[in-house]
There are 2 protein chains.
Amino acid sequence: MKSRVTAQHVADRAGVSRSAVSRCFGDGQVSDDTRKRIETAAEELGYRPNAIARSLTGRSTGLVALLVAEMDNPHVDIVLKKLLLAIAEADKRALVIPETPRQDVTESTMHALDYQVDAIVVVGGTVSDRVVGQLRALDTPVFQFGRQLAGLGGVACDSHLGGLLGGQFLIRSGRTRIAYVTKTSSTDSNQRRRAGLAAALGAAGLPLLEELSEDNSFEGGYNAATRLFARLERPDALFCFNDMFALGALQAASAFRLRVPEDVAILGFDDIPMAAWPAFALSTLRPNLDAQIARLMAMIAEVCDGAPPRRTVDLVVPELVIRRTAC
Amino acid sequence: MKSRVTAQHVADRAGVSRSAVSRCFGDGQVSDDTRKRIETAAEELGYRPNAIARSLTGRSTGLVALLVAEMDNPHVDIVLKKLLLAIAEADKRALVIPETPRQDVTESTMHALDYQVDAIVVVGGTVSDRVVGQLRALDTPVFQFGRQLAGLGGVACDSHLGGLLGGQFLIRSGRTRIAYVTKTSSTDSNQRRRAGLAAALGAAGLPLLEELSEDNSFEGGYNAATRLFARLERPDALFCFNDMFALGALQAASAFRLRVPEDVAILGFDDIPMAAWPAFALSTLRPNLDAQIARLMAMIAEVCDGAPPRRTVDLVVPELVIRRTAC
DNA sequence: CGTTTTTATGCACGCGCGTGCATAATCCAT
DNA sequence: ATGGATTATGCACGCGCGTGCATAAAAACG
């Protein structure tokens, strides 16, 4: 592998000083003549400024670290994709750090910080609060996506409101035995959704049934719903923590020969692409992802411009998407 | 934002030279006494070596760029996740560059190269050959994942063999009117799968029906299968380019009140997690992803050790997974 | 105890680039 | 034509770190 061409090479070829090359690719003032010569020389040599060396001079690196956990959730996939696109659009680069089972997140993240990233975004609810706390102690701006830890800037879907809206909708459609299908690991958003639902039910004087899923996926939703349907007094509506649970519950309803939504209504959360498939036509709550990401990118742009990082969470209101499984 | 602590700060505090600190965190020889003092000083100051500056001294950056397109395909999600985990396990960092609709991939990729990545991995079949060609012209090692462009190192599932195995299996199970559901954009792997299937059918003296999908997803498979089922002589087996098509086709079969697999067998490709869901129980061909990734990481490790990049594609044989939709 | 060998440490340079400062070149107005 | 204002260019330094080289310290050996 031949060594890369540096600004010095271009300078030599163009017969100017290296500073001129530097200014030409920066925002310095260069005469039209020399600019032309430098550009042709750079073109011929295939020169590209070394971003590593450039960022060494105290400036920003243009890197944004995405600390992403809960990668078994399709919704996180969508978030990740959209974040990647948004970061590329903002002319920055995404350094993605997955939560590995073997290696502790902390260690991976710390390694990422060695790259002087401009900001860290914590994606997904399952990153432990301890890790987030450690991150906050650093001087690198940290933002959270999809959680609402106090004192840490970020964006999130208003889970409480989502729970409330979903609950009110189910009540309006005449349901009286409403169950919440949740997961064992109680993340922040989980608790808020449950609280919102509980508020809606409480206002209507209805009880809140509940069923835990041992697993964070389709199978978990299937099993939890199966247990619910096997109860003596079967619920007539299932509000699921996320769409994957809801799809599993839908499958369980089919196994029980229950008509959806006549016998039982099923409501999800996230509006993953699959929810819109005609095979499922899942009613669900759609977090306005694009709005969330736009705000997050604005926060990142702020800190890149030297502003102190925000310390508040922007809540985005979810939207009720009514399809076939609850109406 | 206070400025980061450098090796000089640690050196001052420990009462040693900066070189000693550098050696302590590198592999240089340091006496037990000074090492201890340096380590405590570093601990107290929260010092971490600056990876940016470190990589400036001609060494590797520890960055691997993932150029990923076709992000609407769940299978690519899985590949991306596994790649991210593998890269983290290898103690490297992943720089993910999505194919943005607005910005040309070339430009994004070039920006990524400014970070002196150790290697580039092209993921997904839809990255244009032109872009890959441009990448090959660089002195940064480029690998391809899931495609088989000649002269460029990488790993891929043996699509031809997959087509052959699938075709032979359908023939053995007594199918005679076998259709291939494919997509309009003819990627490399698509053509190979079709060729493998054609070889199997040709050997058995059977015709190859075909139907194009206008779209690379569930809906596309649904529509294509619908057209096939509406034909006078309905096919008794559908071999789909990927699982998403197959799931759409499955839905179409249900709409036509066709029994699966009695009336029509449906075979997918990729073995995405959803294929295993009891709701679908899709028979499919499983590319051995873990094996592919292990080999790719080995190739990357090679070039990081200074070896010239491989120029051959390691083919991994796919495995026939027989569930309910074809048996 | 003196000499040679080994080990530990500091100094200084360079990686590729941005940028303040001084100087040279150019321009404009009088 | 000439002084001053503006612009263009080069020089040199520093960003944070690794490392060859020289030197100082310690160890080993006779």
Side-chain angles (χ1 to χ4, degrees), chain A residues 1-39 41-42 45-63 111 113-118 139-140 306, chain B residues 1-39 41-42 45-63 111 113-118 139-140 306:
Chain A
M1 180 175 4
K2 51 194 170 298
S3 69
R4 287 181 61 94
V5 39
T6 81
Q8 186 63 61
H9 298 143
V10 178
D12 293 345
R13 188 177 181 87
V16 295
S17 78
R18 198 187 51 69
S19 316
V21 178
S22 184
R23 272 186 259 269
C24 182
F25 281 84
D27 50 0
Q29 39 196 4
V30 189
S31 73
D32 293 348
D33 178 47
T34 41
R35 157 153 281 134
K36 193 132 205 165
R37 292 191 4 234
I38 290 174
E39 282 177 348
L45 269 56
Y47 169 73
R48 314 205 92 237
N50 183 332
I52 296 283
R54 170 177 289 176
S55 65
L56 193 57
T57 322
R59 302 158 54 89
S60 75
T61 54
L63 294 175
H111 266 75
L113 291 181
D114 298 347
Y115 288 84
Q116 316 291 98
V117 296
D118 294 342
D139 54 355
T140 304
Chain B
M1 179 174 2
K2 50 193 173 300
S3 67
R4 287 181 61 95
V5 38
T6 80
Q8 186 64 61
H9 299 143
V10 178
D12 293 346
R13 188 177 183 87
V16 297
S17 77
R18 197 188 50 70
S19 315
V21 179
S22 184
R23 273 186 259 269
C24 182
F25 281 84
D27 50 0
Q29 40 196 2
V30 189
S31 74
D32 293 349
D33 177 46
T34 43
R35 154 155 281 134
K36 193 132 207 162
R37 296 201 351 244
I38 291 174
E39 281 175 350
L45 269 55
Y47 169 72
R48 314 206 91 237
N50 183 332
I52 296 284
R54 171 178 286 175
S55 65
L56 195 58
T57 322
R59 301 159 55 89
S60 76
T61 54
L63 293 175
H111 267 75
L113 291 181
D114 298 346
Y115 288 83
Q116 317 290 98
V117 297
D118 294 344
D139 53 357
T140 304

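Throughout, a chain's letter reflects where its sequence line sits, starting with A, and its residues are numbered from 1.
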Interatomic distance where [atom1] belongs to [X] and [atom2] belongs to [N] [whole Å]:
X        : N       : atom1 : atom2 : value
Gln8(A)  : dG18(C) : CD    : C1'   : 14 Å
Arg4(A)  : dG16(C) : CZ    : P     : 10 Å
Arg54(B) : dC17(D) : CZ    : C1'   : 8 Å
Asn50(A) : dG16(C) : CG    : C1'   : 6 Å
Leu56(B) : dC15(D) : CG    : P     : 14 Å
His9(B)  : dG16(D) : NE2   : C1'   : 11 Å
Asp27(A) : dT19(C) : CG    : P     : 7 Å
Phe25(B) : dG18(D) : CZ    : P     : 10 Å

Examine distances only and state if a side-chain atom of Arg37(B) and a backbone atom of Ala14(B) form a donor-acceptor pair shorter than 3.5 Å.
->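 Pair found, side chain donor or acceptor close to backbone of Ala14(B).
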Determine yes or no for a side-chain-to-main-chain donor-acceptor pair under 3.5 angstrom, with Tyr115(A) supplying the side chain and Thr61(B) the backbone.
-> yes
N/O to N/O distances under 3.5 Å, protein versus nucleotides 8-10 of chain D:
unit_1, atom_1, unit_2, atom_2, d
dT9(D), OP1, Ser31(A), OG, 2.8
dT9(D), OP1, Thr34(A), OG1, 2.8
dT9(D), OP2, Ser31(A), N, 2.9
dT9(D), OP2, Thr34(A), OG1, 3.1
dG10(D), OP2, Ser17(A), N, 2.8
dG10(D), OP2, Ser17(A), OG, 2.9
dG10(D), N7, Arg23(A), NH2, 3.0
dG10(D), O6, Arg23(A), NH2, 2.9

Between the first and last five pairs of the helix from dC1(C)-dG30(D) to dT30(C)-dA1(D), the angle of the axes, rounded to 10 degrees =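 Axis-to-axis angle, ends of the helix: 30°.
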Pairwise distance [atom1]([X]) to [atom2]([Y]) - rounded to 0.5 angstrom:
X         : Y        : atom1 : atom2 : answer
Asp32(B)  : Arg35(B) : CG    : CZ    : 7.5 Å
Leu56(B)  : Ile52(A) : CG    : CD1   : 8.0 Å
Asp114(A) : Arg4(B)  : CG    : CZ    : 6.5 Å
Lys36(B)  : Glu39(B) : NZ    : CD    : 8.0 Å

In a table with atom names and distances, give each donor-acceptor pair under 3.5 Å that connects a side chain of residues 20-29 of chain A to protein atoms at least two apart or in another chain.
none

What are the two closest non-hydrogen atoms of Ser31(A) and Thr34(A), and how far apart are they?
->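 That would be OG-OG1, 2.7 Å.
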Atom of Asp118(B), atom of Gly62(B) and distance for their closest heavy-atom approach =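 Closest heavy-atom pair between Asp118(B) and Gly62(B): OD2-N, 2.9 Å.
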Heavy-atom side-chain contact between Asp12(B) and Gln8(B) under 4.5 Å |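 Side chain of Asp12(B) against side chain of Gln8(B), heavy atoms only: contact under 4.5 Å found.
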Report yes if a side-chain nitrogen or oxygen of Tyr115(B) is closer than 4.0 Å to either non-bridging phosphate oxygen (OP1 or OP2) of dG16(C); otherwise report no.
->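 Checking dG16(C) against Tyr115(B), no side-chain N or O comes under 4.0 Å of OP1 or OP2.
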Phosphate-side-chain proximity, Ser22(B) and dG18(D), N/O vs OP1/OP2 below 4.0 Å = yes
In B/S/- notation, 5' to 3', how is nucleotides 22-27 of chain D contacted by protein heavy atoms closer than 4.0 Å?
-> ------
Using the test side-chain hydrogen bond (donor to acceptor under 3.5 Å, both in side chains), find all partners of Thr6(B) that sit at least two apart in sequence or belong to another chain.
-> none
Which atom pairs link the protein and nucleotides 25-28 of chain C when you take only N or O atoms and keep those under 3.5 Å?
none

Identify which one of Leu45(B), Ile38(B), Val5(B) satisfies the side-chain contact (heavy atoms from CB on, under 4.5 Å) criterion when paired with Arg13(B).
-> Leu45(B)
